[in-house]
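Just so it is clear: chains get the letters A, B, ... in the order the sequence lines come, proteins before strands, and each one is counted from 1.
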Protein chains: 2
Amino acid sequence: MIRLLLADDEHLIRTALAQLLELEEDLTVVAQAASGDEVVAVARAESFDVAVLDLQMPGRDGISAATELLRLQPGCAVVIVTGHGRPGHLKRALSAGVRGFLPKTTSAATLASVVRSVHAGGRYVDPELSAEAIAAGDSPLTPREADVLELAADGAPVDEIARRASLSPGTVRNYLSSAVTKLDAANRHDAAATARRLGWI
Amino acid sequence: MIRLLLADDEHLIRTALAQLLELEEDLTVVAQAASGDEVVAVARAESFDVAVLDLQMPGRDGISAATELLRLQPGCAVVIVTGHGRPGHLKRALSAGVRGFLPKTTSAATLASVVRSVHAGGRYVDPELSAEAIAAGDSPLTPREADVLELAADGAPVDEIARRASLSPGTVRNYLSSAVTKLDAANRHDAAATARRLGWI
DNA sequence: CTCCCCACCTGACATCTGTCATGGGGTTCT
DNA sequence: AGAACCCCATGACAGATGTCAGGTGGGGAG
């Protein structure tokens, strides 16, 4: 019997998913969590064979929760499930030691079989998401450019970005300008949108 | 036996939810759809007692699908389920004739009981969402201001907005300026974010 | 009918942004 | 040591944006 931890902030989805996984003969959901922090708390108290985590959760996200969970329970296999697959997320997830990565558009049968396969030591990444990740490639942004672009993403003016990043306004503009050029964007917002879409910020 | 139509673009969620609803003695899911357009297509072929629709779906969204569905089947009760509840959405949904409105954070038991209650002719709106909607009040934006702000939301420059809205650039700037003032925002992006959060655009 | 709000426009101004040139200090690789 | 990066900065300029003042015309409320 494979013991599962299931985490998703949407109660309806989480219980429905639990129900569905319980239908499988060899799977049992022994704990649920509604946030990344709960995942960590539960992981301190109990042990699991496989954790199925939603990527987007309030507070600590799925990847961050996975990192902490794997520190506490190195033997636990982690599967990330996500609504919208961003290439950068996949990369971060894999480097965090996540063994499975699926969009929510996959079928229940696939989820169950992925749970079994990661429990057996295998890995599984949705083919479409991995293709996207390969196509997107690595971020061309330098760390500082990414920082600045992230601060610019919500439409803050240059002066505020400069204050928050402890930079001079001129430098901020230079970083923004080079980011816009590198991402082949029309303006900083376009650049931020692109970078976010590809998971680079 | 209450006959249900279930629509959600995420396959995993949809089947899990279907599974969960089927557990109820008096409910049966007779059709599923992965998009708003599918909802309409299915509604032409078959009839239902209650439709449970996700708000955000590719193409035609839940509310637009509900409008068309109610045109085809006036006797069908519609329940909208959503991940993030925006006050404006609730308002639009209710004026489209939707009878139930729930966040995905509610429990399965609540969903089932709401399905029964709307089928019996009742209405149900999640208390927290309706409180938010009341607190948010009505949009202070004129229709044109809302149009322009929507076009500005993705960071397009004024000239492009002007072209797309068939306005002069000066007018666009005036609308934007008044929207920013009305929404008490720092700049147009802040205004767009606020308006989007409240479901006004 | 008058008043007010809305849709649309123009023009002018200060400020903010995007871009370019240029430079110094640091690390890493050859 | 030199080349090739990255980080950080300044200054300058065109163009975009935010704000204000003002004008036309239409429709609904009083």
Side-chain angles (χ1 to χ4, degrees), chain A residues 88 91-92 95 136-201, chain B residues 88 91-92 95 136-201:
Chain A
K91 199 157 297 184
R92 276 199 300 138
S95 64
D138 275 326
S139 170
L141 303 175
T142 67
R144 285 311 252 166
E145 283 168 357
D147 287 351
V148 170
L149 191 56
E150 184 154 21
L151 289 170
D154 48 14
V158 167
D159 284 354
E160 191 183 326
I161 300 170
R163 254 184 296 109
R164 292 216 265 163
S166 302
L167 289 173
S168 84
T171 305
V172 168
R173 286 201 308 236
N174 284 341
Y175 282 161
L176 250 23
S177 182
S178 77
V180 166
T181 305
K182 283 178 178 176
L183 299 181
D184 198 24
N187 54 49
R188 62 159 93 179
H189 303 288
D190 191 6
T194 299
R196 190 151 278 179
R197 185 168 45 80
L198 297 174
W200 290 338
I201 62 172
Chain B
K91 198 157 298 184
R92 274 199 300 140
S95 63
D138 276 327
S139 170
L141 303 175
T142 67
R144 284 311 254 165
E145 283 168 357
D147 287 350
V148 170
L149 192 56
E150 182 154 21
L151 289 170
D154 49 13
V158 168
D159 284 354
E160 191 183 326
I161 300 170
R163 254 183 295 112
R164 292 216 264 163
S166 303
L167 290 173
S168 83
T171 305
V172 169
R173 281 189 290 167
N174 285 341
Y175 283 161
L176 250 22
S177 184
S178 77
V180 165
T181 306
K182 284 178 179 176
L183 299 181
D184 196 26
N187 54 49
R188 62 158 95 173
H189 303 287
D190 192 4
T194 299
R196 190 151 278 179
R197 186 167 45 78
L198 298 174
W200 290 340
I201 61 172

Worksheet, complete the sentence: Between Ser168(B) and Pro140(B), the residue closer to the 5' end of DNA chain C by nearest nucleotide is Pro140(B)

Give every pair of a protein N or O atom and an N or O atom of nucleotides 19-30 of chain D that lie under 3.5 Å apart, one pair per line with the distance.
{"unit_1": "dC20(D)", "atom_1": "N4", "unit_2": "Asn174(B)", "atom_2": "OD1", "d": "3.1"}

Quick one: closest heavy-atom pair of [X] and [Y], and the distance?
X         : Y         : answer
Asn187(A) : Pro157(B) : ND2-CD, 4.2 Å
Leu149(A) : Ala179(A) : CD2-CB, 4.4 Å
Ile201(B) : Ala146(B) : CG2-O, 3.7 Å
Ile161(A) : Leu151(A) : CG2-CB, 3.9 Å
Ser168(B) : Ala162(B) : C-CB, 4.1 Å
Pro140(A) : Leu183(A) : CG-CD2, 4.0 Å

Fill in: Donor-acceptor contact present, side-chain Ser95(B) to main-chain Lys91(B), <3.5 Å
yes

Whole angstroms only, please: what is the [atom1]-[atom2] distance between [X] and [N]?
X         : N       : atom1 : atom2 : answer
Ile161(A) : dT17(C) : CD1   : C1'   : 11 Å
Leu167(B) : dC6(C)  : CG    : P     : 16 Å
Leu141(B) : dC5(C)  : CG    : P     : 16 Å
Arg163(B) : dC8(C)  : CZ    : C1'   : 19 Å
Arg188(A) : dT19(C) : CZ    : C1'   : 13 Å
Asp147(B) : dC6(C)  : CG    : C1'   : 13 Å
Asn187(B) : dT17(D) : CG    : P     : 12 Å

Discussion item. With nearest nucleotide decided by heavy atoms, which residue, Thr171(A) or Lys182(A), maps closer to the 5′ end of DNA chain D?
Written reply: Lys182(A)

Worksheet item: Considering heavy-atom distances to DNA chain D, does Tyr175(A) or Val158(B) have its closest nucleotide positioned more toward the 5' end?
Response: Tyr175(A)

Discussion item. Under 4.0 Å, counting only non-hydrogen atoms across every strand here, what does Pro143(A) touch: a base, just sugar-phosphate, or nothing?
Written reply: sugar-phosphate

Discussion item. By the 4.0 Å heavy-atom rule, please label Thr142(B) as base, sugar-phosphate, or nothing.
Written reply: sugar-phosphate

Worksheet item: What nucleotide among dT17(C), dC8(D), dT17(D) has an atom nearest to a side-chain atom of Pro157(A)?
Response: dT17(C)

Fill in: Any Arg144(B) side-chain nitrogen or oxygen under 4.0 Å from OP1 or OP2 of dC8(C)
yes

